[in-house]
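Fair warning: this is a prediction, and the values are worked out from it, not measured in the lab. Numbered from 1 within each chain, the chains take letters A, B, ... in sequence-line order.
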Protein chains: 2
Amino acid sequence: MKTSTLQDVARVAKVSTATVSRTLSNPNVVSESTRRRVSEAVKITGYRINRAARNLRTQRAHSVLVLLPDLANPFFSAILEGISRNLSQQGYSMLIASTKQVHDSGERLIDYLDDARADGMIILDGGLDADIVEMLETAPQANRILFACEWIDGANFPSVRCQNRQGTRTAVNHLYDLGHRKIAHVTGPEGNVLMHSRKDAFVDEVEHLKLEQRPEWIIDGDFSLAAGCQAALKWVGLHDRPTAVFCASDQLAMGFIAELSRRGFKVPDDVSVMGFDDIDLAEHFIPPLTTIQQDRLMIGETAAKMLMARIVTPNEANSDQAAVLPVSLVVRESTASLR
Amino acid sequence: MKTSTLQDVARVAKVSTATVSRTLSNPNVVSESTRRRVSEAVKITGYRINRAARNLRTQRAHSVLVLLPDLANPFFSAILEGISRNLSQQGYSMLIASTKQVHDSGERLIDYLDDARADGMIILDGGLDADIVEMLETAPQANRILFACEWIDGANFPSVRCQNRQGTRTAVNHLYDLGHRKIAHVTGPEGNVLMHSRKDAFVDEVEHLKLEQRPEWIIDGDFSLAAGCQAALKWVGLHDRPTAVFCASDQLAMGFIAELSRRGFKVPDDVSVMGFDDIDLAEHFIPPLTTIQQDRLMIGETAAKMLMARIVTPNEANSDQAAVLPVSLVVRESTASLR
DNA sequence: CTGAAAGCGCTTACAG
DNA sequence: CTGAAAGCGCTTACAG
């Protein structure tokens with residue numbers, strides 16, 4: 001069974017293909033009777049538009065590429081959901097690839113835009129190499145590239161992110177309000193924009209609150225469970241242990257707590273621990289994790305919306321260079337008053 | 001800056017577009033000197049193929065749709081990674097959508113194939129409505145549809161899955177070998193093929209080992225953390241508590257354990273608990289989870305490979321109707337000998 | 001080994 | 001409001 005084309009519909013409806021096309025894309029420019037005849041013919045023939053043909057003709061791929069650092073990282077799933085929701089609403093498809101894979105396959109990121117596979121891209125990876133960033137910046141399609149969650153310092157791409165600094169301040173103040181005066185921070189990976197943003201805000205706030213600061217209370221991590229475990233060992237080894245620890249991600253916090261309980265420490269009795277993100281697991285963890293919530297669904301939706309605006313009306317760009325979405329404190333049971 | 005086309009390359013190389021096309025897709029059918037001239041011209045013009053044009057001409061979308069029940073579920077990320085790896089190797093792109101979203105947007109799944117957006121689809125959702133399944137089965141492109149992880153009982157689609165029955169048997173025997181004779185099972189969601197497959201295998205194996213069986217030792221769940229918590233409450237309420245519990249998913253097991261420790265029970269001291277899947281978190285959980293490992297990366301790769309074979313050579317299909325991938329027992333600390 | 005030409009299935013000025 | 005015609009950028013028999 002051959003799938004039917006505009007021609008087939010036109011023949012059945014006894015109109016030209018132009019008219020069928022118009023009827024389908026802009027019904028109110030044709031007459032009532034034409035509309036009826038065409039929609040009847042569509043039903044009879046079982047016509048489905050051929051997107052490849054439309055894409056070629058309109059010079060639009062009608063799809064957007066989402067670029068992740070790593071497909072296997074569950075942090076991104078809710079963001080994808082948000083992006084996809086907004087995209088499909090506008091008849092766009094979502095293409096997914098990981099930075100690493102694109103690189104390994106010898107392709108260049110910009111190829112996706114160059115070869116008409118995608119009309120724009122949302123990049124969730126702030127760790128791109130400098131030469132790749134430069135290639136993206138100087139590309140003619142640069143205005144159809146947008147970052148979400150992470151971003152590139154110094155580059156001029158629009159971005160969607162959460163209030164990393166504000167969230168960090170809120171976290172430190174939550175611990176402060178509970179009476180904690182010795183607070184440690186487990187950081188994200190070196191070089192990561194989120195890591196720096198949160199660490200800087202942490203240092204600032206601790207200073208602002210006139211709390212004691214020690215270099216060994218800033219513990220290097222990398223957002224992962226494993227790094228959280230490592231950090232816990234460092235904490236255990238400190239002579240003068242902080243009574244509270246703010247971790248740059250929930251995964252870090254979970255690893256931290258896991259390792260501590262393995263060694264006989266209790267959270268929050270022996271130390272209060274906070275995360276950042278509020279991933280699904282956070283509320284089911286033992287103990288349920290106090291954390292800073294970012295609305296990943298909204299980050300995704302906002303990113304898609306901003307990108308689509310730039311794709312549809314490329315001229316009016318640069319009106320919204322960045323969207324910074326609010327975060328909120330979620331108090332659960334991994335933090336407690338200092339006794 | 002306009003992107004250059006085959007025409008531009010042809011002009012610079014002083015050959016026909018046909019020759020350029022040949023050189024690019026099948027270099028060894030042209031002469032050495034032509035090859036040199038063309039690749040020189042490609043470099044000069046910065047030519048990138050226009051995929052929309054190629055797709056239209058070749059009647060191939062060069063992309064595959066992966067259909068998830070739910071984008072926000074982290075269980076699938078490793079599978080996507082596997083699929084994407086294989087696909088991009090063959091120059092194919094990966095489109096992602098969720099069953100729910102497609103349905104909500106008023107589209108039909110088969111549209112993706114019908115309108116030349118995708119050449120095939122990998123469905124990770126065994127819970128499709130019967131009418132949708134029928135539409136897929138009777139479609140002309142039915143042979144380019146494949147299920148992975150889950151499948152549809154009674155439908156004739158090829159599928160990739162893990163050894164659900166064998167894994168379950170292995171789990172029960174692990175507990176048996178540790179001395180447990182009273183073993184409970186927390187199931188997946190009613191109606192789910194994996195739930196039935198694992199539950200049936202559980203019942204069979206318990207019977208085969210001549211263990212005591214009681215209806216209340218089969219606890220209804222649904223793969224989620226929350227359901228695991230619920231199940232734990234049921235276990236606590238039993239007069240004669242099983243000494244070991246096999247959960248149909250890791251998430252269930254984690255919820256189960258979390259709720260138990262909230263109530264002062266210790267795992268594995270008071271009860272041994274096992275999961276199924278071996279998700280990333282399993283080894284970092286407290287206690288690290290004994291579970292049945294399925295290789296999600298390989299499931300993804302195998303699915304992509306099987307589908308691509310059917311897309312490239314549609315005729316030779318039906319040679320491999322199902323791939324059943326091995327699982328393995330991973331013993332950690334959530335199970336222990338009965339004392 | 002190479003070129004001229006047709007055509008994939010649409011959309012969109014242009015003319016009426 | 002409608003149709004004839006051009007053309008998006010490729011690939012591929014066909015002929016030489």
message = Donor-acceptor pair, distance only, cut-off 3.5 Å: does the side chain of A/Ser84 make one with the backbone of A/Glu81?
response = no

message = Strictly distance-based, threshold 3.5 Å: is any side-chain N or O of A/Arg144 a donor or acceptor partner for the main-chain N or O of A/Asp119?
response = yes

request  = Taking the side chain as every heavy atom from C-beta outward, state whether A/Ile49 and A/Leu24 have any pair of such atoms under 4.5 Å apart.
outcome  = no

message = As a test of understanding, state which of A/Lys305, A/Glu301, A/Met94, A/His62 forms a side-chain contact (heavy atoms from CB on, under 4.5 Å) with A/Leu87.
response = A/Met94

ask   = Does B/Ser98 reach the main-chain N or O of B/Pro69 with its side chain, forming a donor-acceptor pair under 3.5 Å?
value = no

inquiry  = What is the separation between atom CG on B/Leu24 and atom P on D/dG9, rounded to the nearest whole Å?
reply    = 16 Å

query = Whole Å only: how far is the CD atom of B/Gln7 from the P atom of D/dC8?
reply = 8 Å

message = Can you confirm whether B/Ile83 sits close enough to A/Leu71 that some side-chain heavy atom of one is under 4.5 Å from a side-chain heavy atom of the other?
response = no

Distance, rounded to the nearest Å, where B/Asp115 contributes CG and C/dC10 contributes C1' = 13 Å

request  = Report the distance from atom CG of B/Asn55 to atom P of D/dC8, rounded to the nearest whole Å.
outcome  = 18 Å

message = Could you tell me how far apart B/Arg54 (CZ) and D/dT12 (C1') are, to the nearest whole angstrom?
response = 14 Å

task = For B/Asp115 and A/Arg48, indicate whether the former's side chain and the latter's backbone hold a donor-acceptor pair under 3.5 Å.
result = no

message = Taking any heavy-atom pair under 4.0 Å as a contact, classify A/Arg48: base, sugar-phosphate, or nothing.
response = sugar-phosphate

message = Pairing donors with acceptors under 3.5 angstrom, does anything connect the side chains of A/Asp114 and A/Gln141?
response = yes

query = Does a side-chain N-to-carboxylate-O contact under 4.0 Å join A/Glu40 and A/Arg37?
reply = no

Polar atoms only, N or O, under 3.5 Å: list the protein pairs with nucleotides 4-7 of chain D and their distances.
unit_1	atom_1	unit_2	atom_2	d
D/dG7	N2	A/Arg57	NH1	3.2

inquiry  = Output the rounded distance in Å from CZ (B/Arg60) to P (D/dT12).
reply    = 10 Å

ask   = Between B/Gln59 and C/dG9, does any side-chain N or O lie under 4.0 Å from OP1 or OP2?
value = yes

Whole-Å gap separating P (C/dC8) and CG (B/Leu56) = 9 Å

inquiry  = From CZ of B/Arg51 over to C1' of C/dC8, roughly how many Å is that when rounded to an integer?
reply    = 18 Å

inquiry  = Please list, in numerical order, the residues of residues 26-41 of chain A that have a heavy atom closer than 4.0 Å to any atom of DNA chain C.
reply    = none

inquiry  = I'd like to know whether B/Arg60 forms a side-chain hydrogen bond (donor to acceptor under 3.5 Å, both in side chains) with B/Thr58, so could you lay out the CA-CA distance, the side-chain angles of the two residues, the decisive distance to 0.1 Å, and finally the verdict.
reply    = CA-CA 5 Å; B/Arg60 283 271 171 81; B/Thr58 59; over 6 Å; no

task = Could you check B/Thr19 against B/Ala53 and say which one's nearest nucleotide on DNA chain D is further toward the 5' end?
result = B/Ala53

task = Please confirm whether the backbone N or O of B/Ala309 pairs with a side-chain atom of B/Thr313, one donor and one acceptor, at under 3.5 Å?
result = yes

request  = Ignoring backbone atoms, test whether A/Thr5 places a side-chain nitrogen or oxygen under 4.0 Å from the OP1 or OP2 oxygen of C/dG9.
outcome  = no

query = Stems in DNA chain D: runs of 3 or more consecutive Watson-Crick or G-U pairs, distances under 3.5 Å?
reply = C:1-3 with D:14-16, C:5-12 with D:5-12, C:14-16 with D:1-3

inquiry  = In whole Å, measure the gap between the C1' atoms of C/dT12 and C/dG16 for me.
reply    = 16 Å

message = Contact between B/Arg22 and B/Thr19 at the side-chain level, heavy atoms closer than 4.5 Å - yes or no?
response = yes

